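Okay, structure first, notes after.
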Amino acid sequence: MSEIPRKLIVPKNITDALRTVKYPGSEEDIVTLEMPQEIRIAGNRVSFSLVFQKSDDPNIETLVLECEEAIKKYIGNEVEIEDNIAVKFIHDMERPVLPNVKNIVAVASGKGGVGKSTVSVNLAVALANAGKKVGLLDADIFGPSIPKMFGAENERPSGVKIGDREMIEPLEKFGVKFLSVGFFVDPESAIIWRGPMASNALKQLISEGNWGELDYLLIDLPPGTSDIHLTLVQSVPVTGAVIVTTPQDVALADVIRGTSMFQSKSIDVPVLGLVENMAWFTPAELPENKYYIFGKDGGKNLAEKLGLTFLGQIPIVQSIREGGDYGTPVAADSESMTGAAFAEVAKNVMHRVHIRNIQLAPTKKVKISRK
């Protein structure tokens, strides 16, 4: 196989190579078993952790050597991999995740196209306007849009060493720290990853982001329900979820499924409330007019039906689309009609988080067992 130029060495090259390594006595490869973690690439230097269930696993040496051989075979002999595979064990990986983040809020939707990422960005900015320390993680692995919405498509996070750890420094605009997988992939190429690869990317952004002290870390999830949602609740204790919908019936039907996932016994993440996006259309030249093109109060009525808190309505106006396209979130202008709408949603989210933390014990990470 011909050598891959240095500039094309990406985590996918590494995981593809490691998929050829089977755990002894098993039909499953070590990537499927989620053993390779914390993959880092610096030029030709490749390093990662190989996580074992037990410290007395007799296959440690064999698997480390097989990993080195597989990577050299797949990428080329120029890759620096010897002595760069750190052997770790499950108990070593249980260090507190995001210990300085007070509240982790998932922003989710039952289906795509409801403006979930737009709500995530503007809610984050509105919270920052309210004097809170805010972070935003773009967990929509297959459709990352946060970099564009912050006007940061051509920027890249830098690395920073904190103690003995190499961390990723989030970018910061409008008072919001943010990270996205979109910073680490070609924006013009489709991301074709299997579930474990996408999950590992999310875990890396969570655990290796230098988030510092935050009042709120918002997680912009992909639409629907997927491995990413499960990875999130397995990786961090999620304080609560905000559900975004539009008024029409087809979107509302999916809200019920999305809500039931968070409220299921196995996950048990409180739903803080529901935001109705695209509630009405108001043309710039007729600011007093409201046209309910997707139906009226669908989200508000559904929240009442499901016993959820209604967090607010966001209208359709041209400035929201322009803000997303040009990297200036409308919530930055709290005096505008849309800025005021997001400020109201932010106030309601803060109140719901406060009440939730008084009434309920902290959410625990979802535990899974793997044979």
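Model, not experiment: these values are computed from the prediction.
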| task | Verify side chain to side chain contact (heavy atoms under 4.5 Å, CB included) between L171 and F183, making sure each step is shown before the conclusion. | result | CA-CA 10 Å; L171 299 182; F183 290 128; 3.5 Å; yes
| said: Parallel, tilted or perpendicular: which one describes the rings of F89 and F52, with boundaries at 30° and 60°? | reply: tilted
| Shortest non-hydrogen separation from E276 to K300 and the atoms involved | OE1-N, 3.0 Å
| What distance do L311 atom CG and H351 atom NE2 have between them, rounded to the nearest 0.5 Å? | 10.5 Å
| field | For D140, side chain to side chain donor-acceptor pair (under 3.5 Å) partners two or more places apart | value | none
| Are any non-hydrogen side-chain atoms of T239 and Y216 less than 4.5 angstrom apart? | no
| task | Report the C-alpha distance between T245 and S109 in whole Å, list the side-chain angles of each, state the deciding distance to 0.1 Å, and finish with yes or no for side chain to side chain contact (heavy atoms under 4.5 Å, CB included). | result | CA-CA 6 Å; T245 187; S109 65; over 6 Å; no
| task | Answer yes or no: is there a side-chain heavy-atom contact under 4.5 Å between T118 and V330? | result | no
| query | Is there a path from I355 to V353 through hydrophobic residues (I, L, V, M, F, W, Y) whose side chains come within less than 4.5 Å of each other? | reply | no
| field | Cluster overlap L65 with L63, hydrophobic side-chain contacts below 4.5 Å | value | no
| remark: Checking T32, D29, D57 against Y23 for side chain to side chain donor-acceptor pair (under 3.5 Å), the one that qualifies is D57
| message | Please evaluate residues L232 and I206 with respect to the criterion side chain to side chain contact (heavy atoms under 4.5 Å, CB included), reporting the C-alpha separation (whole Å), side-chain torsions for both, the decisive distance (0.1 Å), and the verdict. | response | CA-CA 9 Å; L232 175 65; I206 291 174; 4.0 Å; yes
| field | Shortest non-hydrogen contact from M167 toward G209 | value | CE-O, 3.5 Å
| For the side chain of E34 and the backbone of V31, is there at least one donor-acceptor N/O pair under 3.5 Å apart? | no
| said: Less than 4.5 Å apart, side chain to side chain, heavy atoms only: is that true for F174 and V121? | reply: no
| request: Would you check if H229 and Q234 make a side-chain contact, meaning some heavy-atom pair closer than 4.5 Å? | output: no
| message | Starting from V244, can I reach I256 by hopping between I/L/V/M/F/W/Y residues whose side chains sit under 4.5 Å apart? | response | yes
| said: How about CD on E155, more than 12 heavy atoms from neighbouring residues, nucleotides or ligands closer than 6.0 Å, or not? | reply: yes
| query | What salt bridge (Lys or Arg N to Asp or Glu O under 4.0 Å) pairs are there with at least one residue in residues 206-219, not counting sequence neighbours? | reply | R40-E208, K102-D215, K133-E213
| query | What distance separates D138 CG from F150 CZ, expressed to the nearest 0.5 Å? | reply | 10.0 Å
| query | Is there a side-chain contact between I219 and V107, using heavy atoms and a 4.5 Å cut-off? | reply | no
| CA sep, side-chain torsions, deciding dist, call: L218, L137, side chain to side chain contact (heavy atoms under 4.5 Å, CB included) | CA-CA 6 Å; L218 304 186; L137 173 58; over 6 Å; no
| Is the closest side-chain heavy-atom distance between M149 and P329 below 4.5 Å? | no
| task | Answer with yes or no whether the side chains of N84 and S47 bring together a donor and an acceptor at under 3.5 Å. | result | no
| said: Quick check for you: to the nearest 0.5 Å, what is the distance between L123 atom CG and N348 atom CG? | reply: 10.5 Å
| note | Here the pair of heavy atoms bringing I168 nearest to P170 is O-CD, 3.2 Å
| query | Is the shortest side-chain N to carboxylate O distance from E69 to K72 below 4.0 Å? | reply | no
| task | For the residue pair I14 and I41, establish whether any side-chain heavy-atom pair is separated by less than 4.5 Å. | result | yes
| message | Just verifying a value: how many Å separate R45 CZ and E82 CD, rounded to the nearest 0.5 Å? | response | 11.5 Å
| task | Please answer whether the main-chain N or O of A331 pairs with a side-chain N or O of N129 as donor and acceptor at a distance below 3.5 Å. | result | yes
| field | Shortest non-hydrogen contact between V101 and I104, atoms and distance | value | CG1-CG1, 3.9 Å
| field | Donor-acceptor under 3.5 Å (T15 side chain, K12 main chain) | value | yes
| query | Where do G76 and V79 come nearest, in terms of heavy atoms and distance? | reply | O-CG1, 3.1 Å
| Would a distance-only check, ignoring hydrogens and angles, find a side-chain to backbone donor-acceptor pair under 3.5 Å from K177 to W211? | yes
| query | Can you name the closest pair of heavy atoms from A139 and L221 and give their distance? | reply | CB-CD2, 4.2 Å
| task | Working to the nearest 0.5 Å, report the span between CD1 of I60 and CG of L50. | result | 8.5 Å
| field | Minimum side-chain heavy-atom gap L360-N357 below 4.5 Å | value | no
| request: Begin from the C-alpha positions of E38 and S49 and carry the test side-chain hydrogen bond (donor to acceptor under 3.5 Å, both in side chains) through to its verdict. | output: CA-CA 6 Å; E38 304 171 326; S49 300; 2.4 Å; yes
| Separation between CD of E66 and CD of E61, rounded to the nearest 0.5 Å | 11.0 Å
| CA sep, side-chain torsions, deciding dist, call: E169, N210, side-chain hydrogen bond (donor to acceptor under 3.5 Å, both in side chains) | CA-CA 5 Å; E169 190 69 34; N210 183 32; 2.9 Å; yes
| query | Without hydrogens or angle criteria, can the side chains of N277 and T246 be said to hold a donor-acceptor pair below 3.5 Å? | reply | no
